[in-house]
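When reading the values below, keep in mind they use all heavy atoms of this one structure, side chains included, and skip hydrogens, waters and symmetry mates.
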Amino acid sequence: MRVAIAGAGIGGMTLAALLDRSGHDVVLVEQSAGFAEVGAGIQISPNGTRVLGSIGLADDLARIGTTPKRIVLRRWEDDSELLVQPLGDRPVERYGHPYYNVYRPDLVDALTGALAGVEIRFGVAVAGASTIDAGAALDLTDGTRITADVVVGADGIHSSVRRSLFGDRPSRFSRSVAYRALVPRVAVPDQPIEVTNRMGPDRHLVSYLVGEGQRYLNLVCVFPEATWEAEGWNELGSTDELRRQFVGWSSALQAILGHVTDPVYRWALHDRTPLERWTSGRVTLLGDACHPMLPFMAQGACQAIEDAAILARLLTASGPGEVDHAIERYETIRRPRAAELQHRSFRNATTYHLADGAEQRTRDELLASVSHADGEAAFDWLYGYDPLTAPLD
């Protein structure tokens, strides 16, 4: 089967690698001049690492990834612990696969090595996609057309494939922006190997170590913004503005922010309400193209990876005349789970940002009451999901 994929992000590359390993003819189209993942840090939980391991990346992930010892939610003004969830070896013991913090460019380099049999076209954008008599077509802005049995739009929140299928769909602005920054580990050598979420009025800040040898402390700093038009990742920010947003927070955080240097980047946090459809004929969508979500459950990339695994399995199992049904099944299987994570991620924008007061105290008391066992069990539905073996009927 010939499959054309628009977009060489993590989801598109994972799908291409899975299909190539199953013997399909794959062409991957990317408007950039080469593989270049924007962003800095990414969390890959067991529902994602099990898929990446299946395409031969287990050793790469062990080399480039950091295994956090725990996840900690802290109070903004004094860093007091509100909830602690052990990690370390626990994900492997419970789910059979590790939990990693990874530097995005390192992950892209690893995925590139899994695409040896994939035709890749760089430097050309997608104009649209459509179903044709012989299958599907991907039209490019240079005037060329790629025909295939199936076209997949993995081209992100601004998806041209989605627009050609369903028209413009306005995004939903969360009224928050995020600053991204990397601090060299040598500047903050005493940072624990954990995912830390400092929560305070109207803002929160997540930090964790990334890069081979844990060479950076990755910061994602979220605070309110009334309006914002752009949805890109590479808007330059200001270190002074970043520090102003967290004045009065804990002394430990002030020490970290004191080591932040330019450039820092900011982006407006948008998502979209769940689409009614992902598919039209032989064209379907994947990842942020169909279910962009706020980063407040650290699942954007993992959900694209899950999409890729389910779609690749269905296409590989399809015989003559079954392709249309396979694409419909993919949407039916994936859409409810992705929509639930979109909802939960958006809801956390409120939970994390409660002003000091009665609601905040109730939240903190509830977090403090959660046992390690109950906290772990609460994520079984997410981390324990196996898209490589999940039922397809």
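With 3.5 Å as the limit, one finds a donor-acceptor pair spanning the side chains of Asp364 and Gln360. For the residue pair Glu331 and Thr284, no side-chain donor N or O sits within less than 3.5 Å of a side-chain acceptor on the partner. In summary, the side chains of Gln245 and Arg203 do present a donor paired with an acceptor at a separation below 3.5 Å, with no hydrogens or angles considered. Looking at Asp142 and Thr144, their side chains do bring a donor and an acceptor atom within 3.5 Å of each other. Neither side chain, Asn348 nor Ser345, offers a donor N or O lying under 3.5 Å from an acceptor on the other. A side-chain donor from one of Asp380 and Tyr95 sits under 3.5 Å from a side-chain acceptor of the other.
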Does the pair Asp271 and Phe346 meet the rule for a side chain to side chain contact (heavy atoms under 4.5 Å, CB included), with working shown?
CA-CA 8 Å; Asp271 71 352; Phe346 195 85; 3.5 Å; yes
Working note: Arg243 + Glu241, criterion salt bridge (Lys or Arg N to Asp or Glu O under 4.0 Å); need CA distance, chi angles, decisive distance, verdict.
CA-CA 5 Å; Arg243 294 186 184 114; Glu241 174 63 17; over 6 Å; no
Residue pair Leu73, Val84: steps toward the side chain to side chain contact (heavy atoms under 4.5 Å, CB included) verdict:
CA-CA 7 Å; Leu73 274 59; Val84 175; over 6 Å; no
Take Arg215 and Asp106, measure what salt bridge (Lys or Arg N to Asp or Glu O under 4.0 Å) needs, and give me the verdict at the end.
CA-CA 12 Å; Arg215 64 186 185 274; Asp106 290 346; 3.6 Å; yes
I'd like to know whether Ser45 forms a side chain to side chain donor-acceptor pair (under 3.5 Å) with Gln299, so could you lay out the CA-CA distance, the side-chain angles of the two residues, the decisive distance to 0.1 Å, and finally the verdict.
CA-CA 8 Å; Ser45 48; Gln299 279 294 305; 2.9 Å; yes
Evaluate Leu285 against Phe166 for side chain to side chain contact (heavy atoms under 4.5 Å, CB included), listing each step before the verdict.
CA-CA 11 Å; Leu285 303 172; Phe166 305 118; 4.1 Å; yes
Applying side chain to side chain contact (heavy atoms under 4.5 Å, CB included) to Tyr100 and Gln43, what does each step give before you reach the verdict?
CA-CA 6 Å; Tyr100 287 124; Gln43 299 184 58; over 6 Å; no
Apply the test salt bridge (Lys or Arg N to Asp or Glu O under 4.0 Å) to residues Glu306 and Arg334: give CA-CA distance (whole Å), side-chain angles for both, the deciding distance (0.1 Å), then the verdict.
CA-CA 8 Å; Glu306 286 186 13; Arg334 290 297 304 153; 2.7 Å; yes
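Leu269 and Val222 get closest at one heavy-atom pair: CD1-CG1, 3.9 Å. Listed here is the closest heavy atom pair of Tyr385 and Asn47: O-CB, 3.6 Å. When all heavy atoms of Ile10 and Ala301 are compared, the pair lying nearest together is CD1-CB, 4.3 Å. Residues Ala304 and Gly287 share a closest heavy-atom pair of CB-CA, 3.8 Å. Closest approach of Pro387 to Arg50, counting heavy atoms only: CD-CD, 4.0 Å. Closest approach of Val220 to Ala178, counting heavy atoms only: CG1-CB, 4.3 Å.
Using a 4.5 Å heavy-atom cutoff, the side chains of Ser207 and Asn218 are not in contact. Side-chain contact between Arg363 and Met199: present, with at least one pair of heavy atoms (C-beta onward) separated by less than 4.5 Å. For the pair Val3 and Leu315, the minimum side-chain heavy-atom distance is below 4.5 Å. Side-chain atoms of Glu212 and Arg63, non-hydrogen and from C-beta on, do get closer than 4.5 Å to each other. Side-chain contact between Leu205 and Tyr179 is absent, with no heavy atoms from C-beta onward closer than 4.5 Å. You'll find the side chain of His291 stays beyond 4.5 Å of the side chain of Leu341, heavy atoms only. Two residues are said to be in side-chain contact when any heavy atoms from C-beta on lie closer than 4.5 Å; Leu253 and Phe246 meet this criterion. Taking 4.5 Å as the limit, every side-chain heavy atom of Leu354 sits out of range of all side-chain heavy atoms of Pro201.
Classification of the Trp249-Trp76 ring pair by plane angle, with boundaries at 30° and 60°, yields tilted.
With respect to the salt-bridge test (charged N to carboxylate O, under 4.0 angstrom), the residues Arg70 and Glu194 qualify. Between Glu340 and Arg337 there is no salt bridge, since no side-chain N of the basic residue sits under 4.0 Å from a carboxylate O of the acidic one. For Arg94 and Glu376, the salt-bridge test passes: some basic side-chain N is under 4.0 Å from an acidic carboxylate O. A salt bridge links Arg145 with Asp139: the closest approach of a Lys/Arg side-chain nitrogen to an acidic carboxylate oxygen falls below 4.0 angstrom. Checked for salt-bridge contact, Asp356 and Arg75 meet the test: a charged N lies under 4.0 Å from a carboxylate O. The pair Asp79-Arg74 does not count as a salt bridge, with every side-chain nitrogen at least 4.0 angstrom from each carboxylate oxygen.
Remark: the backbone N or O of Val150 is not paired with any side-chain donor or acceptor of Arg282 at under 3.5 angstrom. Within the 3.5 Å criterion, the main-chain N or O of Val283 finds no donor-acceptor partner in the side chain of Ser280. Side chain of Arg313 to backbone of Ala390: a donor-acceptor contact under 3.5 angstrom is found. Remark: the backbone N or O of Asn101 is not paired with any side-chain donor or acceptor of Tyr208 at under 3.5 angstrom. Between the His353 side chain and the Ala349 main chain, a donor and an acceptor come within less than 3.5 Å of each other. A side-chain donor-acceptor contact under 3.5 Å links Thr316 to the backbone of Ala312. Put simply, the side chain of Arg335 gets close to the backbone of Glu276: a donor and an acceptor are under 3.5 Å apart. With hydrogens and angles ignored, the 3.5 Å screen pairs a side-chain donor or acceptor of Asp155 with a backbone N or O of Val161. No donor-acceptor pair under 3.5 Å is formed between the side chain of Thr66 and the backbone N or O of Pro68. Between the side chain of Arg180 and the backbone N or O of Arg266, no donor-acceptor pair lies under 3.5 Å.
The OG1 atom of Thr14 lies 4.5 Å from the CD1 atom of Ile305; values are rounded to the nearest 0.5 Å. Atom CD of Gln191 sits about 11.5 Å away from atom CD of Gln214, to the nearest 0.5 Å. How far CD of Glu322 is from CG of Leu314: 10.5 Å, rounded to the nearest 0.5 Å. Separating the CD1 atom in Ile44 from the CG atom in Leu107 is a distance of 5.5 Å, to the nearest 0.5 Å. Interatomic distance, CZ of Arg198 versus CD of Glu77, reported as 13.0 Å (0.5 Å rounding). Distance CG/Asp262 to OG/Ser238: 7.0 Å, rounded to 0.5 Å.
For Asp78, the CG atom sits in a packed shell: over 12 heavy atoms of surrounding residues, nucleotides or ligands are nearer than 6.0 Å.
Hydrophobic clustering, with ILVMFWY side chains joined whenever heavy atoms are under 4.5 angstrom apart, keeps Val92 apart from Leu61. Taking hydrophobic clusters as Ile, Leu, Val, Met, Phe, Trp and Tyr residues chained together by side-chain heavy-atom distances below 4.5 Å, Val152 shares a cluster with Phe122.
For Tyr99 and Tyr383, the gap between ring centers is short of 6.0 Å. Between Tyr330 and Trp278, the gap from one ring centroid to the other is short of 6.0 Å.
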